[in-house]
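In this text the structure is predicted, and so the values were computed from the model without any measurement. Computation of the quantities below employed the complete heavy-atom set of this structure, encompassing side-chain atoms and omitting hydrogens, waters and symmetry-equivalent molecules. As the structure lists them, so they are numbered: ligands from 1, and atoms in each ligand from 1.
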Amino acid sequence: MEQTQTPNNQYAVIGYPVEHSYSPEIHRIFAQQTGENISYELLPIEPKNFEAAVRKFAATGGKGLNVTVPHKEAAFKLSSVLGPEAQQAHAVNTLSLLSTTEVRGDNTDGIGFLRDLTQNNHLELNGKRVLILGAGGAARGILPPLLDSDFAELVLANRTVEKANELVELFNATGSLFVCPFDELGDMGSFDLIINATSAGLKGESLSFPRSCLSSWSFCYDLAYSTKQTPFVQWARDHGAGNAVQGWGMLIEQAAESFAIWRDVRPDTAPLLQQYTNR
Ligand code: ATR
């Protein structure tokens, strides 16, 4: 049945660049599945125009925005009300435009990551040695659920150690999050879960960290995703990791959580997971 769009059902993903985003397709499928009548577009907006673009979208009937690189911290600053995960991460990926002035900011990246890891991939974090590579925006989003889990050890390795230390301070995680540069990882033995939160692969650069971090039972999770194999997943498979997956599941689960915040109905992610992870 063809759906007509009403002005107060407008959503979009705002980013720069954003043309490559899968969010419009994902949200269109969620809307069809749940019978929700929404429109969803791409908003390519430069950082200097971010706030003006959000206000204009709200003033013209926009109800919600997914926020992607490089605007997640600007969205945090613009939010007048914050969800608990956004408050922790100091970053927002979901804006609900409650009125032209009142904006609620949530962060569904961590929940999406945790769901994909534990429900779709059946991985338990209890008692696990976990390694996060990278300390940028992607690491921020996944740190809240990881810090809340019952891990045995959580190591944050970054090329620039100061940036990793800033995250420890931001999350008030002294004592639970151990920071080091990549070259010190050689002395640490293998990890049960290794998460690539760097942007190296996206820029076509290779990551160099010790092979000894991997064992045959290591689960490697790349927050990045691609229709081809990502360099990190390829590296992990070539070096005998137990399993290695791209971040398609997290992308779909975080989108479902945003959709549920906006529309108060939870879409079923299974059909999309099947479609995207088998590409
Ligand atoms: P954002 O915050 O938008 O996610 P970012 O600040 O550029 O992006 O962070 C990306 C992460 O990938 C950082 O941890 C970055 O390391 P630095 O803090 O040292 O810059 C990491 N990164 C990017 N390219 C990398 C490479 N070639 N090797 C290792 N780490 C890399």
(request) Could you label the plane-to-plane angle of the Tyr22 and Tyr225 rings as parallel, tilted or perpendicular, counting under 30° as parallel and over 60° as perpendicular? (result) perpendicular
For ligand 1, note which part of [X] has a heavy atom under 4.0 Å away: side chain, backbone, both or neither.
X: Leu207; result: side chain
X: Glu205; result: side chain
X: Thr198; result: both

(request) Check each of Gly201, Gly134, Ser199 against atom 10 (C) of ligand 1 and report the one with the nearest heavy atom. (result) Ser199
(message) Checking side-chain polar atoms at under 3.5 Å, does Asn126 have a donor or acceptor matched by the opposite partner on Asp150?
(response) no
Taking only heavy atoms of [X] into account, list the atoms of ligand 1 that are under 4.0 Å away from them.
X: Phe182; result: 29 (C)
X: Ala135; result: 14 (O)
X: Ala138; result: 4 (O)
X: Lys203; result: 23 (C), 24 (N)

(request) Please name all residues satisfying side chain to side chain donor-acceptor pair (under 3.5 Å) with Arg28, sequence neighbours left out, ordered by chain then number. (result) none
(message) One pair to check against side chain to side chain donor-acceptor pair (under 3.5 Å): Tyr221 and Asp116. What are the steps and the verdict?
(response) CA-CA 10 Å; Tyr221 194 105; Asp116 192 43; 2.6 Å; yes
(message) Check this for me - ligand 1, Val69, N or O atoms closer than 3.5 angstrom, yes or no?
(response) no
(request) Count the heavy atoms of every other residue, nucleotide or ligand shown that sit under 6.0 Å from OH of Tyr16, and state whether that count exceeds 12. (result) no
(message) My understanding is that only residues two or more places apart in sequence, or in another chain, count here; which of them pass salt bridge (Lys or Arg N to Asp or Glu O under 4.0 Å) with Lys228?
(response) none
(message) Within the 4.5 Å heavy-atom criterion, are Phe219 and Lys128 side-chain neighbours or not?
(response) no
